[in-house]
Number of protein chains: 2
Amino acid sequence: MAVSARRGAPLTLEEISTTALRLMDEGGVEGLSMRKLAAELDVNPMSLYHHVESKDALVRLICSTAAQRMDLPPDDGSPWQDQLRALALGYYRNALAHPAMWSHLHNHPEIIADRNLVIWQALYRILRLAGVPEPEQRRTSDVLHAFVMGYVIAGTKGHLPGDPEEIERGFDTAIRLITGGLAGWSR
Amino acid sequence: MAVSARRGAPLTLEEISTTALRLMDEGGVEGLSMRKLAAELDVNPMSLYHHVESKDALVRLICSTAAQRMDLPPDDGSPWQDQLRALALGYYRNALAHPAMWSHLHNHPEIIADRNLVIWQALYRILRLAGVPEPEQRRTSDVLHAFVMGYVIAGTKGHLPGDPEEIERGFDTAIRLITGGLAGWSR
DNA sequence: TCCATAGCCATACACCGTATGGCTGACGCT
DNA sequence: AGCGTCAGCCATACGGTGTATGGCTATGGA
């Protein structure tokens, strides 16, 4: 039904999202504009609004599907310290892949507030494994996430010294430190 | 020399900064516009550019002077653990006073990259007191700042459960945990 | 065959940051 | 006293933004 002027197929939400994400990767959230996005898709800017309610909604959509699709290490039965480190490192690497998107996400935490998200489910599982009592899980997870978030921000803005591997090692060290503190705490 | 149409005195950088900060407090960085700021000061938008190079430069100025003027606890001779907790809490409270500004700051860490800033000087002093070896100070301070930054973000976005005092107690607990880990680490 | 409607687009509005260039009046100097 | 300099301010304009509104068009179902 009235497909675009010079495109074969009609627009797809998927298509819109992926090229929008690319534009965000290249120029940050403010580097993404509906007009540029439309140009990239060879379409009139207003056509996008038939698939998306607003720019904000689009960005939110991108962020939340990325959060849902994060690929994180599965439960491999290893000690909780190792699993926690692996999870944190997984988060960190996911974030490094799309710094601008995660930057936006960290400025709008409500997007990943849903506790059914894979990250939180995995984190809670590990905390249970670590023996963190039920009522402490929320706060503990918040603290851990706060640190990971902060490290991601510092890392992606290029304000951590050393090469990437060194930075990852520093991250790992810090997580060890915190898990150490955690263990001491529950005792 | 050709003072404004309807103002007695000429504009001041101080005056510009403070009302700009107020606008940021009210509507975030994107809620601050040169036009609104000018209207607030009863002045033509372009007049601002005689005192400030750009909006970006203005925001940067506000952030860095706020960083310089942070009021933080002095060296009171108490154990490093207490001083570190006090410093972190001081940072947290400074940030809570102007969430939008600090949000911007955390997205542009280069503004507070200068290691001569009071925060870093105080932090380094405490780390020395804690016996953190010289070459480890940078990384340690980065880790600590990462956590504080993350907690501030989560806290200011209202995504930590509980009332403010409860949140502060959680923060304190977390800092204790980390300092505990730190102590165990240096041994 | 007809029509509802999905998909697309043209135009327009209100906002943004800011480049450019001109006005005005207070000051220093002779 | 006369004059030039220039700080301070402003009017206009340009190119960008998100998006409201309303109209076109071709396709699927009845």
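Naming convention: chains lettered A, B, ... in sequence-line order (proteins, then strands); numbering from 1 in each chain. The figures here come from the full heavy-atom set of this structure, side chains too, leaving out hydrogens, waters and symmetry mates.
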Would you mind writing out the side-chain donor-acceptor pairs for residues 27-38 of chain A within the sub-3.5 Å range, not counting sequence neighbours?
{"residue": "A/S33", "atom": "OG", "partner": "A/R35", "partner atom": "N", "Å": "3.4"}
{"residue": "A/S33", "atom": "OG", "partner": "A/K36", "partner atom": "N", "Å": "3.0"}
{"residue": "A/K36", "atom": "NZ", "partner": "A/G31", "partner atom": "O", "Å": "3.1"}

If the cut-off is 4.0 Å, is A/H51 near the phosphate of C/dA6, judged by side-chain N/O to OP1 or OP2? no
Whole-Å gap separating P (C/dG7) and CG (A/D42): 19 Å
Quick one: B/L48 CG to D/dC9 P, roughly how many Å, whole number? 9 Å
Residues in side-chain contact (heavy atoms from CB on, under 4.5 Å) contact with A/T65, at least two apart in sequence or another chain: A/L61
Using atom CG of B/L11 as one end and atom C1' of D/dC10 as the other, report the distance to the nearest whole Å. 12 Å
Only one of B/I111, B/V59, B/D114 forms a side chain to side chain contact (heavy atoms under 4.5 Å, CB included) with B/S64, so which one is it? B/I111
What pairs with B/Y92 under ring pair (Phe, Tyr, Trp, His ring centres under 6.0 Å), at least two apart in sequence or on another chain? B/Y151, B/F171
Taking only Lys NZ, Arg NE, NH1 and NH2, and the carboxylate oxygens of Asp or Glu, determine whether A/R169 and A/D172 approach each other closer than 4.0 Å. no
Distance-only, no hydrogens or angles: does the A/N94 side chain make a donor-acceptor pair with backbone N or O of A/D71 under 3.5 Å? yes
Relative orientation of the end axes in the helix from C/dT1-D/dA30 to C/dT30-D/dA1, expressed as an angle to the nearest 10° (five pairs per end): 0°
Under 3.5 Å donor-acceptor, A/S103 side chain and A/P99 backbone: no
Pairwise N/O distances under 3.5 Å, protein to nucleotides 12-17 of chain D:
{"residue": "D/dT17", "atom": "OP1", "partner": "A/S33", "partner atom": "OG", "Å": "2.9"}

Could you check how far OH of A/Y49 sits from C1' of D/dG23, rounded to whole Å? 19 Å
Just so I know, are the side chains of A/R22 and A/E26 near enough to count as touching, which here means a heavy-atom distance under 4.5 Å? yes
In whole angstroms, how far is the C1' atom of C/dG7 from the CG atom of A/L13? 14 Å
side-chain contact (heavy atoms from CB on, under 4.5 Å) involving A/A67 - partner list, sequence neighbours excluded: A/I112, A/L117
Interatomic distance where NE2 belongs to A/H50 and P belongs to D/dT25 [whole Å]: 15 Å
Please determine whether a side-chain nitrogen or oxygen atom of A/S47 lies at a distance below 4.0 Å from atom OP1 or OP2 of C/dG7. no
